[in-house]
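Below you'll find the structure, written out as structure tokens, and then a few comments.
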Amino acid sequence: MPIPVGINGLGRIGKMVCLQMLAQPDVYSIKAINATSLNATEISDYLTYDSSHRYDRSVCKNVEIVNDNLVRINGNEIHLFKDRDARNLKWRSVGVQFVLECTGAYLTTEKGAMHDVDYVIMSAPPKDPDITPTFIYGVNHEEYRGQKIVSASSCTTNCMGPMMKLVSDAFGVESVNFTTIHATTGSQSVVDVINKKNRTHRSIINNMIPHSTGAAKSIFRVMPELSGKVWGTSVRVPCINCSLLDINVTCEDKTANLEAVKDLLNKHELFGEVYHLNEKMLTSVDFMTTTTPTILDGIASMDFKPGSFKLMLWYDNEWSYSAQCLRIMKSMHQHNKHVERSVRGRVSPKISPNNSIVNLASLNGVARELNPAKILNLDSKLALKSLKLGGKNVVARFDFNVPVDNGKVMDDFRVRASLPSINHILEQKPNRVVLVCHFGRPKGKDKKNSVEFLVPILAGLLKREVKFLPDGVSQKTVDALAAAKDTNNGAIYLLENIRFHAEETKFDPESDVSKMYQSLGDAMIADCFGCVHRNHMSVCHLKGAGKQHGYGFLIEQEVEAISTLLRSDGKKVLGIMGGAKIADKQPMIECLCKMPSTRIFVGGGLTLGFDKFMPSTPHSVILARDAYGAADFESPATYMPDIAKIGVGGFDCGPQGLRDLMAMIDAADVIFWNGCLGVIEDPRYRVGSAMIVDYLLAQTGKQIIIGGGETASLFAGKEAEHIYLSTGGGALLAHIQSSVLGTPTVPGLAPFSL
């Protein structure tokens with residue numbers, strides 16, 4: 001079946017993708033076009049005639065006007081919309097699955113989501129690059145994993161990206177500088193106009209105009225390994241179409257040369273589709289209406305010194321870029337269809353607890369209550385809401401250790417969870433707030449683990465300027481803060497990764513760094529629940545002479561949620577334990593077994609090794625014995641009725657295990673879930689966990705606690721009042737264990753306990 005497509009905007013790129021899709025009716029089916037300034041009677045002429053391109057006019061010859069809002073082109077019905085507000089466009093009602101966003105007005109995920117459609121592809125770089133993922137066919141299209149709103153980047157990046165990938169993969173890259181000699185675009189002026197922002201206000205007819213380009217930044221989004229190695233600029237020239245990219249490359253491998261690049265290009269599997277080689281004396285007009293975005297001019301290119309050369313690349317900035325947009329869409333469609341085929345028939349959506357074979361009566365937990373003295377009580381005098389912070393210099397430790405993939409923040413839940421505490425502090429009008437956090441597990445100062453990327457994210461969420469302190473805990477930082485002379489204006493600073501200092505993890509209150517950390521403020525706040533099980537400087541070093549200290553709203557909420565679990569008051573508790581390693585979860589399972597009226601369901605990768613670590617399965621525990629899996633992730637998913645018999649771990653929970661778990665959920669009053677039931681990174685093995693998410697969302701009469709990490713990520717965008725999403729995985733487990741087993745309070749909560 002052809003891919004059902006809608007086009008938003010019928011300018012140059014909108015027109016090009018439309019013409020190319022009309023020429024491939026077996027691959028694409030245009031269902032609707034939104035063009036506010038084009039009438040049905042004008043469609044035929046607009047598509048038939050063009051000043052730049054040579055194409056088969058027959059693809060748009062047979063145009064039948066049904067009415068003002070509907071035309072047929074070669075028998076294919078196309079609905080015509082005329083609305084500048086994406087929220088009013090009824091894409092789904094006419095069968096559209098993909099929208100090619102060609103207006104340039106909806107270039108963020110937030111705005112793209114206004115389209116009522118499954119998938120949106122932006123024909124320009126996104127304005128929120130930390131949120132909207134970018135994919136270029138021939139560079140990183142194989143990394144697509146089902147994202148709904150994506151960017152196809154720019155025409156220049158689609159030319160440069162494939163070549164940089166070819167060179168980088170083969171020889172490594174030390175540095176790149178480039179100039180794109182770019183044809184004129186519709187944003188330029190025919191005659192001089194008044195505009196002081198850039199030089200493109202001058203006439204396009206008789207000028208070569210130096211201009212900026214975002215291609216260098218865009219290339220980092222698809223090839224993060226080139227970050228800091230690429231610099232570029234642009235010159236607009238008076239050509240109606242076709243551009244030339246002049247790239248100077250220095251490789252790590254000094255044997256690299258132009259002939260080696262040509263050889264790689266000729267042998268590449270995408271030669272003729274993404275790559276091409278020109279060895280003729282051609283000029284820009286000869287590359288009009290070409291579909292390959294990266295055409296190496298073998299004559300104009302040249303070698304410099306060993307490992308260094310100039311590459312001259314032609315690209316049709318309209319036609320070949322549009323072809324790339326369509327390739328990305330086709331690639332996305334094929335990926336999604338593959339996932340659908342893999343998942344189809346896997347687990348029936350009609351699974352219910354009615355077919356469970358588990359004997360709930362035999363799973364009654366231990367009938368005793370916990371000693372209330374073991375349950376942590378926080379000192380209310382140290383709660384953030386009890387502290388007076390007006391005119392103070394506040395240092396606040398948070399957990400901003402967000403998941404990042406290829407330079408993109410995948411989930412900002414931990415940052416958003418800190419906002420109530422930060423905003424409360426700011427409302428009290430302190431002099432300043434220094435936000436402290438860690439990212440990753442760096443060994444010393446490592447640029448890859450800098451937290452500077454959080455500055456625009458925090459600024460956007462707080463709607464305030466956030467200044468970066470790149471020198472961390474140092475005299476330079478102390479001096480910079482003193483020189484700022486912030487007075488009751490609530491200035492916000494973000495301190496560089498606190499784990500760049502060895503003293504953070506090797507905490508010694510008498511060290512010079514610890515003393516300097518204390519000097520950064522006169523009020524020390526901790527709201528980093530995900531770190532409270534660590535005996536780290538910024539987590540535990542809060543008390544000081546004459547200083548206030550306290551805990552934020554997040555820690556208060558987390559402790560209260562866990563108290564709900566521990567103080568079950570006769571309620572039936574269910575612990576759902578998943579994950580990959582039984583060794584990591586064994587202490588928690590043993591802990592849950594000692595809690596009153598508690599049953600435990602064990603799934604995921606824990607089941608295969610469970611008998612080894614716990615030879616005598618506690619009577620309150622049931623294991624998920626059936627699963628879906630394979631010998632490896634490349635093989636098709638198969639059903640395994642009993643993984644214990646074949647000795648192979650499953651990648652997702654099977655239907656019988658899900659039925660048993662649903663029955664246990666029905667019988668429980670309080671539910672605690674930590675660890676996914678499958679390898680959720682693979683859509684085929686995400687099904688079981690996703691079904692339990694939906695089942696829990698419907699259990700509005702129960703108290704449900706989700707134990708942080710990947711488990712909490714399953715609920716992204718599905719928050720519900722009866723479900724508490726914890727920000728701490730290891731911290732949550734450590735706190736529960738200390739409460740149940742009576743071991744010492746976790747280090748980060750000790751300063752606040754009564």
Ser123 and Tyr321: CA distance, side-chain angles, deciding distance, side chain to side chain contact (heavy atoms under 4.5 Å, CB included) verdict
CA-CA 9 Å; Ser123 65; Tyr321 173 64; 3.9 Å; yes
Is atom [atom1] of [X] surrounded by more than 12 heavy atoms (other residues, nucleotides or ligands) closer than 6.0 Å?
X	atom1	value
Glu142	CD	no
Arg199	CZ	no
Lys15	NZ	yes

When Ile209, Ile181, Thr180 are each screened for side chain to side chain contact (heavy atoms under 4.5 Å, CB included) with Arg236, the one that passes is Ile209
Given the options Ile204, Ile205, Asn207, Gln188 meets side chain to side chain contact (heavy atoms under 4.5 Å, CB included) only with Ile204
Could you check whether any side-chain N or O of [X] sits under 3.5 Å from a backbone N or O of [Y], counting only pairs where one atom can act as donor and the other as acceptor?
X	Y	value
Asp652	Tyr628	no
Ser713	Glu710	yes
Asn336	His333	no
Thr132	Thr109	yes
His141	Gly138	yes
Thr134	Arg221	no
Asn266	Lys262	yes
Arg414	Asn401	yes
Asn158	Ala152	yes
Asn278	Lys280	yes

If you round to the nearest 0.5 Å, how far is [atom2] of [Y] from [atom1] of [X]?
X	Y	atom1	atom2	value
Leu326	Ser331	CG	OG	12.5 Å
Met160	Ile136	CE	CD1	8.0 Å
Cys437	Leu494	SG	CG	5.0 Å
Met223	Thr157	CE	OG1	12.0 Å
Asn74	Asn62	CG	CG	5.5 Å
Ile149	Tyr119	CD1	OH	11.5 Å

With a 4.5 Å limit on heavy-atom distance, are the side chains of [X] and [Y] in contact?
X	Y	answer
Val274	Pro293	yes
His201	Asp192	no
Glu279	Leu277	yes
Phe135	Gln147	yes
His276	Trp314	no
Asp118	Val96	no
Tyr144	Met332	yes
Pro2	Asp26	no

Look at [X] together with [Y] and state whether they make a salt bridge at an N to O cut-off of under 4.0 Å.
X	Y	value
Lys310	Asp246	yes
Glu273	Arg327	yes
Glu110	Lys127	no
Asp446	Arg441	no
Asp263	Lys267	yes

Can you give me the closest heavy-atom contact between [X] and [Y], atom names plus distance?
X	Y	result
Gln97	Val117	O-CG2, 3.2 Å
Cys102	Gly9	CB-O, 3.7 Å
Phe178	Ala216	CZ-N, 3.9 Å
Val173	Lys229	O-NZ, 3.0 Å
Lys254	Cys251	NZ-O, 2.8 Å
Tyr55	Thr48	OH-O, 3.2 Å

Between Tyr315 and the options Thr294, Thr292, Thr156, Thr290, the side chain to side chain donor-acceptor pair (under 3.5 Å) test singles out Thr156
From the list Thr291, Thr289, Asn241, side chain to side chain donor-acceptor pair (under 3.5 Å) with Asp316 holds only for Asn241
Check: Gln324/Ser322 side-chain N/O donor and acceptor closer than 3.5 Å
no
message = Is a donor from one side chain sitting under 3.5 angstrom from an acceptor on the other, for Asn449 and Asn497?
response = no
Exercise for review: Decide salt bridge (charged side-chain N to carboxylate O under 4.0 Å, His left out) for Lys61 and Asp56; before the verdict, give the C-alpha distance in whole Å, the side-chain angles of both, and the deciding distance to 0.1 Å.
Suggested key: CA-CA 9 Å; Lys61 184 177 181 180; Asp56 182 5; over 6 Å; no
Asn257 and Asp303: side-chain hydrogen bond (donor to acceptor under 3.5 Å, both in side chains), yes or no, with the steps? CA-CA 6 Å; Asn257 57 34; Asp303 283 309; 5.5 Å; no
key: Test log, rule side-chain hydrogen bond (donor to acceptor under 3.5 Å, both in side chains), inputs Ser227 and Glu225   = CA-CA 6 Å; Ser227 181; Glu225 65 271 23; over 6 Å; no
Let's go through Tyr275 and His268 carefully: what are the C-alpha distance in whole Å and the side-chain angles of both, what is the deciding distance for ring-ring contact (aromatic ring centres under 6.0 Å, His included) to 0.1 Å, and is it a yes or a no?
CA-CA 8 Å; Tyr275 299 101; His268 200 282; 4.8 Å; yes
Problem - side chain to side chain contact (heavy atoms under 4.5 Å, CB included) between Trp319 and Cys242, worked out - result: CA-CA 9 Å; Trp319 198 269; Cys242 280; over 6 Å; no
TODO: Please step through side chain to side chain contact (heavy atoms under 4.5 Å, CB included) for the pair Asn76 and Ile30, ending with a clear verdict.
DONE: CA-CA 8 Å; Asn76 180 51; Ile30 303 173; 4.3 Å; yes
